[in-house]
Asker: 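Before I ask anything, here is the structure I am working with.
Nothing here was measured: the structure is a model prediction, and the numbers come from that model.
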Amino acid sequence: MRNLENRNTQNGDEQLKMLFGNLKDERLPEGFRQRMMSRIEKEAVRKSRRQLVWNYVVMIAASLSMIGTAIACVWYYDLESAFRLDLTMTYQEKSLFVLCMEAGGIVLLLLWADYRFRAWYKKRHSLTDQ
């Protein structure tokens, strides 16, 4: 079985050598590399501009959808009652509010600590890798 595979591989190699051996050795035209590099650079600029435009389109669409949702909510719940806020709370609501604020504060503190630790880690290990 292995012998058959080796023979097929050798036959394929010989056929490739024969095909590529018949090709003429052509030189690239003068300035080909410079033109190709300029095309590649132009395409990179186009790609970055396209990405920037899509980012703006997505950001504008998201903003318009949020504004539309807010307007729809105000329209649906009536304009007068939407702006009359009742901020009185019972004891249970206040304790729940305080508990949520504490949990949110802890989450923000942990996120900040994670950010600082990652920045320190990246700074320290990027220097040792070089």
Asker: Answer yes or no: is there an ion pair linking Arg50 with Glu43, defined by an N-O contact shorter than 4.0 Å?
Answerer: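 Yes.
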Asker: What is the distance from atom CD1 of Ile60 to atom CD1 of Ile67, rounded to the nearest 0.5 Å?
Answerer: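 Nearest 0.5 Å value for the CD1-CD1 distance: 10.5 Å.
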Asker: Measuring from Leu96:CG to Thr90:OG1, what's the distance to the nearest 0.5 Å?
Answerer: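 That separation rounds to 9.5 Å.
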Asker: Please confirm whether the backbone N or O of Glu41 pairs with a side-chain atom of Arg46, one donor and one acceptor, at under 3.5 Å?
Answerer: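 No, because the side chain of Arg46 does not come within donor-acceptor range (under 3.5 Å) of the backbone of Glu41.
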Asker: Roughly how far, to the nearest 0.5 Å, is CZ of Phe117 from NZ of Lys122?
Answerer: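 If I round to the nearest 0.5 Å, the distance is 12.5 Å.
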Asker: Can you tell me how far CD of Gln34 sits from CE of Met37, rounded to the nearest 0.5 angstrom?
Answerer: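 Reported value, rounded in 0.5 Å steps: 9.5 Å.
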Asker: Is there a path of hydrophobic side-chain contacts, each under 4.5 Å between heavy atoms of I, L, V, M, F, W or Y residues, that connects Met66 with Val58?
Answerer: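 As far as the 4.5 Å side-chain criterion goes, Val58 and Met66 are not connected within one cluster.
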Asker: Under 4.5 Å between any side-chain heavy atoms of Asn55 and Met59, yes or no?
Answerer: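 Heavy-atom side-chain distance check fails, nothing below 4.5 Å.
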Asker: Of all residues at least two apart in sequence or in a different chain, which pass the ring-ring contact (aromatic ring centres under 6.0 Å, His included) check with Tyr115?
Answerer: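 ring-ring contact (aromatic ring centres under 6.0 Å, His included) list for Tyr115, sorted by chain: empty.
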